[in-house]
Structure formats: structure tokens, C-alpha cells
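Everything on this sheet refers to the single structure shown next.
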Amino acid sequence: MMLRLASGVLCVLMLALAVADHAGAQGYPEKPIRFIVPNPPGGGADLVARVIGSKLADSWGQQVVVDNRAGAGGIIGTELAAKAEPNGYTLLLGFTANLCFAPSLFSKLPYDVVKDFSPVTLVGATSYVLAVHPSVPARSVKELVALARSKPGQLNFASNGNGQANHLAGELFKTMAGIKMEHVPYKGGGPALAAVLGGETQMIFGSMLSTLPHVRAGRLRGLAVTAANRSTAAADLPTVAEAGVAGYEVSTWLGVLVPARTPKEIVAKLHADIVKILQTTELRQRFSGEGLEPLTRTPGEFAALIKADIAKWAEVIKGAGIRID
């Protein structure tokens with residue numbers, strides 16, 4: 001009898017929790033949302049978060065506050081999101097580097113990418129643009145490679161930080177082109193881009209979103225894009241592969257996640273509302289024009305992509321012998 005009574009109480013409690021979750025999701029959101037971006041302001045990821053956040057705020061009638069938490073290759077902001085209350089009021093803009101590179105780059109992380117997050121949706125995929133400061137006497141990838149070979153170790157390239165996607169893009173370029181260049185890490189895309197614009201460093205594999213406007217304005221000279229195919233946002237730029245480094249290709253993605261154990265109803269609402277925004281003609285044209293191909297996935301599909309890319313990049317990073325500890 002006691003066992004049956006305990007079982008009945010447990011069922012009632014579980015039902016009450018389910019009803020509470022559903023009720024919470026029905027009124028969600030009832031207060032401002034924090035959207036964590038593990039990068040400083042000014043980079044491509046930050047721009048994406050601010051556009052999506054603004055559209056969500058208009059739709060919900062609630063403020064969406066972009067919270068830039070840069071440092072440690074995205075780990076600081078990602079850890080903050082992993083340990084946040086799983087109530088739907090903290091979102092994370094995740095990307096290939098902090099979710100799929102980090103598990104292989106670091107011997108220990110303060111979060112488990114697979115266990116500590118609930119994926120909401122993929123947002124888009126992008127490649128990088130290889131751009132140089134106007135003072136660099138190279139107007140093509142072949143000329144850049146020749147210049148680097150004539151001055152081994154004298155050219156340098158900026159990145160968002162050790163182990164970030166554009167760092168690995170530069171390392172891959174060095175290996176495949178057979179050249180020596182120095183890597184200069186910064187604390188995010190904004191500072192790295194500013195360093196190249198100011199001539200502090202000579203080149204960057206920069207985010208299409210944040211770098212292309214400077215290429216178009218003549219403040220930087222674009223040489224190529226890192227994707228397998230030319231970008232509609234920069235149709236005049238060849239791919240690195242067709243410009244002289246055969247087989248070269250680097251692309252990454254962005255997506256929205258929430259802490260694990262966030263109610264499924266809230267995850268479903270977030271997914272539906274963000275996908276609706278990404279499917280508008282206005283946003284598709286804006287992102288495509290700036291080098292981000294809008295893409296969406298169901299939470300399950302996004303989770304599968306994360307797992308697959310963790311395994312894929314583990315092989316690449318191990319082969320290159322890169323560790324950050």
C-alpha cells in the first residue's frame with residue numbers, strides 16, 4: 001500500500017511539473033531575454049545576434065539583450081550559458097569553434113557540449129574572406145603566396161583567438177600553400193579586424209559579415225573566399241582553391257542553443273519564432289548579401305550536426321597537432 005501511495009504521489013508531482021512547464025511556455029516570454037554571444041562587439045557573430053534579437057523583441061514585445069562575453073576562445077560565454085537557469089530566458093549563439101573545435105583543443109572544458117545544451121536551430125553557414133591591408137603588395141592569392149615565400153615568417157595574420165575558425169583557416173592555408181606566416185590572436189573578431197584595418201597586422205581570414213563592408217569600401221583588399229564555391233555576396237572574388245591553393249576549403253555555421261533541461265515547449269516556441277524570422281525575404285536577402293547563407297534545422301537535426309562536427313574536427317585538430325592548454 002505504501003509503495004502504491006508513493007507511486008501515486010510521484011505521478012501527481014510529475015503531472016504538476018508538466019502542467020507548470022506548459023503553463024510557463026504559454027506565457028513565455030514574460031520578461032527580457034539575455035542572448036549571450038561569446039565574442040566581443042563588432043564581429044560577424046555579434047551582428048547576427050543583434051539582428052535576430054531585434055526581430056524577436058519586435059515579435060514578443062520583450063527586450064532581447066545581447067550580452068557579449070568574450071574570452072578563452074568562446075569558452076567564457078559558453079560556460080555562462082551552460083550554467084544559466086534552464087527557463088528560456090538565456091540564449092546562446094553557438095558556432096563551430098566554441099562547440100565543435102573546443103572539445104579537441106582543450107584537455108578539459110567547464111561544460112559538456114552535448115549534455116549541457118539543448119539545440120534550438122541552426123541559423124546559417126558562412127565562409128571567410130582572405131583580406132589584406134592595402135599596404136601589402138599582393139593583389140592575388142598567388143602573389144600573396146609568392147610574397148610569403150620570399151619573406152618566410154615576416155607576414156602575419158590576425159584571428160579571433162587561438163583555436164578559432166579563422167585561426168585554423170590560416171593554419172590550413174600555411175600548410176597547403178607551403179609557407180610560413182605568424183599568427184597573431186586577438187580577443188574576438190572585432191579587435192582582430194580593427195588590427196588589420198589599422199595595419200597592426202597584415203591579413204585576416206575574416207568573417208564575411210564584418211569584413212566585406214571594409215573590402216567594398218577599399219579599406220581592405222579582398223583576395224579570395226574560403227568556401228568551396230564563390231559567394232553571391234562577393235561574386236568577384238575567387239575561392240582560395242581556384243586562386244591557387246587546390247583543395248582548400250573552410251566553412252562554419254552559427255546556431256541558437258539554450259541550457260539543457262529547458263522545457264520542450266519553450267524550445268519549440270523559440271525554434272518556430274526564429275525560423276519564421278530567418279525565412280523572411282528581408283532577412284534572407286540581408287544575410288545572403290553579407291555572406292551568411294540562412295539555414296535552419298530542427299532541434300534534433302541541429303544536435304546531430306553538432307555531434308558529427310565534433311568528430312570531424314577532432315581528426316583535423318589532432319592531425320595538425322594543435323592544443324590550447
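Counting begins at 1 with the first residue of the sequence. Hydrogens, waters and symmetry mates are skipped; everything else that's a heavy atom, side chains included, is used.
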Exercise. Answer with yes or no whether the hydrophobic clustering places Val258 together with Trp60; edges join I, L, V, M, F, W, Y residues whose side-chain heavy atoms lie under 4.5 Å apart.
Key: yes

Quiz prompt | Exam field: side chain Tyr248 to backbone Ala169, donor-acceptor pair closer than 3.5 Å | solution = yes

Self-check item: Audit row: Leu220, Leu193, side chain to side chain contact (heavy atoms under 4.5 Å, CB included) steps and yes/no
Solution: CA-CA 10 Å; Leu220 293 175; Leu193 185 59; 3.9 Å; yes

Quiz item: Are Arg50 and Val48 close enough, and set up right, to give a side chain to side chain contact (heavy atoms under 4.5 Å, CB included), and what steps lead you there?
Solution: CA-CA 6 Å; Arg50 291 183 185 279; Val48 170; over 6 Å; no

Quiz item: How would you list, by chain and number, every residue that makes a salt bridge (Lys or Arg N to Asp or Glu O under 4.0 Å) with Arg221, sequence neighbours excluded?
Solution: none

Practice problem: State, without any angle test, whether Asp46 and Asn68 hold a side-chain donor-acceptor pair at a distance under 3.5 Å. | Solution: yes

Exercise. Look at the side chain of Thr262 and the backbone N and O of Pro259, then say whether any donor-acceptor pair between them is shorter than 3.5 Å.
Key: yes

Quiz prompt | SB check Lys307 Asp309 (cutoff 4.0 Å) | solution = no

Quiz item: Is the number of heavy atoms from other residues, nucleotides or ligands within 6.0 Å of CZ (Arg261) greater than 12?
Solution: no

Practice problem: Applying salt bridge (Lys or Arg N to Asp or Glu O under 4.0 Å), name anything that partners Arg297, two or more places apart in sequence or on another chain. | Solution: none

Quiz item: For Phe157, what residues pass the ring-ring contact (aromatic ring centres under 6.0 Å, His included) criterion, not counting sequence neighbours?
Solution: His183

Practice problem: Output all residues satisfying side chain to side chain donor-acceptor pair (under 3.5 Å) with Arg284, sequence neighbours left out; order by chain, then residue number. | Solution: none

Quiz item: Do Val215 and Val250 belong together in a cluster built from hydrophobic side chains that touch within less than 4.5 Å?
Solution: no

Quiz item: What about Leu47 and Val51, same hydrophobic cluster or not, with Ile/Leu/Val/Met/Phe/Trp/Tyr joined at side-chain heavy-atom distances under 4.5 Å?
Solution: yes

Self-check item: N-O pairing of Glu315 and Lys318 below 4.0 Å
Solution: no

Quiz item: Between Leu91 and Ile36, is any pair of side-chain heavy atoms under 4.5 Å apart?
Solution: no

Quiz item: In the hydrophobic clustering that connects Ile, Leu, Val, Met, Phe, Trp and Tyr at side-chain heavy-atom distances below 4.5 Å, which members other than Tyr186 occupy its cluster, ordered by chain and number?
Solution: Val184

Practice problem: Establish whether Leu99 and Ile76 are linked, either directly or via other cluster members, by ILVMFWY side-chain heavy-atom contacts under 4.5 Å. | Solution: no

Exercise. Kindly write out the residues that satisfy salt bridge (Lys or Arg N to Asp or Glu O under 4.0 Å) with Arg230, not counting sequence neighbours, or none if the list is empty.
Key: Glu242

Quiz item: Under 4.5 Å between side-chain heavy atoms, hopping through other hydrophobics if needed: is there a path connecting Val267 to Tyr89?
Solution: yes

Practice problem: Decide yes or no for Pro299 and Ser118: does some side-chain heavy atom of the first lie under 4.5 Å from some side-chain heavy atom of the second? | Solution: no

Exercise. For the pair Lys55 and Glu282, find out whether any cationic side-chain nitrogen is under 4.0 Å from an anionic carboxylate oxygen.
Key: yes

Quiz prompt | Residue list, ring-ring contact (aromatic ring centres under 6.0 Å, His included) with Phe302, at least two apart or on another chain | solution = Trp253

Exercise. Determine whether Thr121 and Thr298 make a side-chain contact, defined as any pair of heavy atoms from C-beta on separated by less than 4.5 Å.
Key: no

Practice problem: Count the heavy atoms belonging to other residues, nucleotides or ligands that lie under 6.0 Å from CZ of Arg149, then report whether that count exceeds 12. | Solution: yes

Practice problem: Quick one: list whatever passes side chain to side chain donor-acceptor pair (under 3.5 Å) with Tyr128, sequence neighbours left out. | Solution: Thr252

Quiz prompt | Heavy-atom check, side chain of Phe205 versus side chain of Gln164, under 4.5 Å | solution = no

Exercise. List in chain and number order the residues that pass side chain to side chain contact (heavy atoms under 4.5 Å, CB included) with Gln279, two or more places apart in sequence or in another chain; answer none if no residue qualifies.
Key: Val275

Quiz item: What's the verdict on side chain to side chain contact (heavy atoms under 4.5 Å, CB included) for Met181 and Gln202, showing C-alpha distance, side-chain angles and the deciding distance?
Solution: CA-CA 10 Å; Met181 300 190 303; Gln202 294 157 308; over 6 Å; no

Exercise. Output all residues satisfying side chain to side chain donor-acceptor pair (under 3.5 Å) with Asn166, sequence neighbours left out; order by chain, then residue number.
Key: Asn160

Practice problem: Run the numbers on Leu105 and Arg323 for side chain to side chain contact (heavy atoms under 4.5 Å, CB included), then give the verdict. | Solution: CA-CA 5 Å; Leu105 289 169; Arg323 293 290 289 183; over 6 Å; no

Quiz prompt | All ring-ring contact (aromatic ring centres under 6.0 Å, His included) counterparts of Phe101, not counting sequence neighbours | solution = Trp313

Quiz item: Mind checking whether Phe95 and Asn39 have side chains closer than 4.5 Å, heavy atoms only?
Solution: yes

Self-check item: Sequence-distant partners of Lys83, salt bridge (Lys or Arg N to Asp or Glu O under 4.0 Å), two or more places apart
Solution: Glu79

Exercise. Decide yes or no for Ile52 and Val123: does some side-chain heavy atom of the first lie under 4.5 Å from some side-chain heavy atom of the second?
Key: yes

Exercise. Scan side-chain atoms only and decide if Thr78 and Asn98 contain a donor-acceptor pair under the 3.5 Å cut-off.
Key: yes

